[in-house]
Number of protein chains: 2
Amino acid sequence: MTTTSATDALEPMLCFAVYSAQRQIGQIYRELLAPWGLSYTQYLVLIALWTDGGLAVGRLGELLGLDSGTLSPLLKRLEARGVLTRVRSATDERVVTVSLTDAGRRLRDELADVPRCFGERLGITQQFADGLREQLKALSEHAAPGKD
Amino acid sequence: MTTTSATDALEPMLCFAVYSAQRQIGQIYRELLAPWGLSYTQYLVLIALWTDGGLAVGRLGELLGLDSGTLSPLLKRLEARGVLTRVRSATDERVVTVSLTDAGRRLRDELADVPRCFGERLGITQQFADGLREQLKALSEHAAPGKD
DNA sequence: CACAATTCAGTTGTGCACAATCTTTCTCTC
DNA sequence: GAGAGAAAGATTGTGCACAACTGAATTGTG
């Protein structure tokens with residue numbers, strides 16, 4: 001018995017646990033956001049913009065940890081959908097400022113239930129979620145490049 | 001003061017913590033695996049095959065939680081690199097069995113240090129890693145679709 | 001046996017993530 | 001103010017993840 005299976009090799013790896021959890025979470029959000037045709041990353045961008053209107057692309061990238069290679073096409077798609085506008089700054093022509101349209105602001109109300117639905121789908125207590133989040137934050141801080 | 005910034009909206013979200021952690025982990029593996037030109041997912045496939053030689057594509061997918069849409073091209077690339085072979089089963093022509101070549105088995109030794117290097121880069125204790133892994137596992141089990 | 005349903009892998013299409021590169025604009029220094 | 005360097009965003013190219021579909025092989029049922 002207990003023939004060594006590949007499961008035994010993968011299961012003890014922290015990285016695999018994070019990788020799997022992230023993909024399951026992505027799956028839940030995919031279902032929750034499907035009615036609006038939004039991806040998880042697009043949802044994160046909206047959250048940022050609901051709080052801070054008029055963000056530069058670079059600032060948005062800092063907040064989400066994404067570069068222009070990811071954000072540029074993503075923002076273009078959201079603009080094409082009429083959710084936001086991309087306007088080149090008058091004072092610094094290099095900067096593009098991203099702002100929500102009325103439709104984009106309306107999404108805030110329409111998507112108001114998403115966090116609650118996500119919590120229900122996970123079925124964990126707030127304490128558990130907060131504890132896990134704190135530990136992941138600590139992990140991220142350790143892993144951070146620590147710019148020499 | 002304390003003008004509400006988008007950071008305050010993103011930081012309390014567990015999903016964002018997992019998302020960020022996963023991408024940081026991916027970054028570390030990208031650097032560690034760069035000398036071999038392997039992606040993280042390719043590395044996971046190798047781990048599975050080092051333990052269980054001769055896996056069907058479907059079984060590999062079960063282990064990693066990936067479908068053929070992801071695995072087929074990935075395995076094709078690894079086959080082109082001479083790391084593994086894909087052979088259609090004689091007893092059931094639908095099944096393709098994936099096996100390591102000698103070169104693929106040699107990678108096991110060459111990559112033996114990767115887990116240790118990863119642990120060092122994270123700079124956390126084994127206890128912390130294990131605790132986190134257990135919690136993520138619990139999260140995944142809660143999140144699992146629970147096939148009705 | 002026939003044939004409907006299922007299974008397995010592959011393919012297609014979309015979007016994200018990231019490295020590398022490019023262009024434009026700005027800034028700094030002389 | 002001219003030119004070197006930096007900064008901001010876009011573009012290109014690669015690979016992963018996943019939905020949807022295709023085609024071939026197998027299984028189950030009558």
Side-chain angles (χ1 to χ4, degrees), chain A residues 15-16 18-34 36-45 55-62 64-81 85-98 145, chain B residues 15-16 18-31 33-34 36-45 55-62 64-81 84-98 145:
Chain A
C15 60
F16 185 63
V18 176
Y19 170 74
S20 301
Q22 157 59 11
R23 280 173 40 234
Q24 287 207 22
I25 289 173
Q27 185 58 38
I28 295 175
Y29 273 106
R30 195 166 299 112
E31 293 166 19
L32 292 177
L33 297 173
W36 291 271
L38 289 169
S39 73
Y40 177 64
T41 314
Q42 289 172 356
Y43 175 62
L44 289 181
V45 166
L55 283 170
V57 171
R59 177 66 184 137
L60 203 47
E62 273 178 43
L64 302 176
L66 296 170
D67 66 4
S68 68
T70 300
L71 285 178
S72 284
L74 185 151
L75 294 172
K76 231 161 141 180
R77 280 187 287 270
L78 288 177
E79 184 183 40
R81 211 175 274 200
T85 58
R86 284 149 70 239
V87 178
R88 208 155 271 279
S89 161
T91 63
D92 185 343
E93 294 268 341
R94 293 172 302 180
V95 174
V96 167
T97 302
V98 181
Chain B
C15 61
F16 186 63
V18 176
Y19 170 73
S20 301
Q22 157 59 11
R23 281 172 41 233
Q24 288 207 22
I25 288 173
Q27 185 59 37
I28 294 175
Y29 272 105
R30 195 167 298 114
E31 293 167 18
L33 298 173
W36 291 272
L38 289 170
S39 73
Y40 176 63
T41 313
Q42 290 172 356
Y43 175 63
L44 290 180
V45 166
L55 282 170
V57 172
R59 176 70 184 135
L60 203 47
E62 272 179 42
L64 303 176
L66 296 170
D67 66 4
S68 68
T70 301
L71 285 177
S72 283
L74 185 151
L75 294 171
K76 230 162 143 182
R77 280 188 286 271
L78 287 177
E79 183 183 40
R81 211 176 273 200
L84 52 81
T85 58
R86 284 149 70 238
V87 179
R88 207 157 274 276
S89 161
T91 63
D92 186 342
E93 294 267 342
R94 292 171 303 181
V95 174
V96 168
T97 303
V98 181

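Residue numbers start from 1 in every chain, and the chains themselves are labelled A, B, ... in the order their sequence lines are given, proteins ahead of strands. Only heavy atoms go into these numbers, but all of them, side chains included; no hydrogens, no water, no symmetry mates. Please read all numbers here as calculations on a predicted model, not as lab measurements.
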Any [X] side-chain nitrogen or oxygen under 4.0 Å from OP1 or OP2 of [N]:
| X | N | answer |
| --- | --- | --- |
| A:Tyr19 | D:dA17 | yes |
| B:Lys76 | C:dT11 | yes |
| A:Ser39 | C:dT14 | no |

Look at the side chain of B:Ser68 and the base of C:dG10, then say whether one donor and one acceptor between them are separated by less than 3.5 Å.
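Donor-acceptor pair under 3.5 Å: yes.
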
On DNA chain D, nearest-nucleotide positions of B:Arg94 versus A:Arg59: which is more 5'?
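Closer to the 5' end of DNA chain D: A:Arg59.
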
When the nearest nucleotide of DNA chain D is assigned to A:Arg30 and to A:Asp92 on a heavy-atom basis, which residue is associated with the more 5' position?
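The residue mapped nearer the 5' terminus is A:Asp92.
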
Looking across every strand, which nucleic acid part, if any, lies under 4.0 Å from [X] by heavy atom: base, sugar-phosphate, or nothing?
| X | answer |
| --- | --- |
| A:Leu74 | sugar-phosphate |
| B:Thr70 | base |
| B:Thr91 | sugar-phosphate |

For the residue pair A:Tyr19 and B:Tyr40, categorise the inter-ring angle as parallel (less than 30°), tilted (30 to 60°) or perpendicular (more than 60°).
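Plane angle over 60°, so perpendicular.
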
Rounded to whole angstroms, how far apart are [atom1] on [X] and [atom2] on [N]?
| X | N | atom1 | atom2 | value |
| --- | --- | --- | --- | --- |
| B:Arg23 | D:dG15 | CZ | P | 20 Å |
| A:Arg86 | D:dT11 | CZ | C1' | 12 Å |
| B:Asp67 | D:dC21 | CG | C1' | 12 Å |

Just how far is it from atom OG1 of A:Thr97 to atom CG of A:Leu60, taken to the nearest 0.5 Å?
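That separation rounds to 11.0 Å.
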
On DNA chain C, check which nucleotide each of A:Arg88 and A:Gly69 is closest to and give me the residue with the more 5' one.
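Going by which nucleotide is closer to the 5' end, it is A:Gly69.
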
In terms of the nearest nucleotide of DNA chain C, which residue is placed more toward the 5' end: B:Gln27 or B:Leu71?
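Looking at the nearest nucleotide for each, B:Leu71 comes out on the 5' side.
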
Whether B:Lys76 and B:Glu79 form a salt bridge (side-chain N of Lys/Arg under 4.0 Å from carboxylate O of Asp/Glu) is what I want to check.
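A salt bridge is absent here (no side-chain N lies under 4.0 Å from a carboxylate O).
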
For B:Arg81, which residues count as a salt bridge (charged side-chain N to carboxylate O under 4.0 Å, His left out) partner, sequence neighbours excluded?
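Salt bridge (charged side-chain N to carboxylate O under 4.0 Å, His left out) check on B:Arg81 returns nothing, list empty.
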
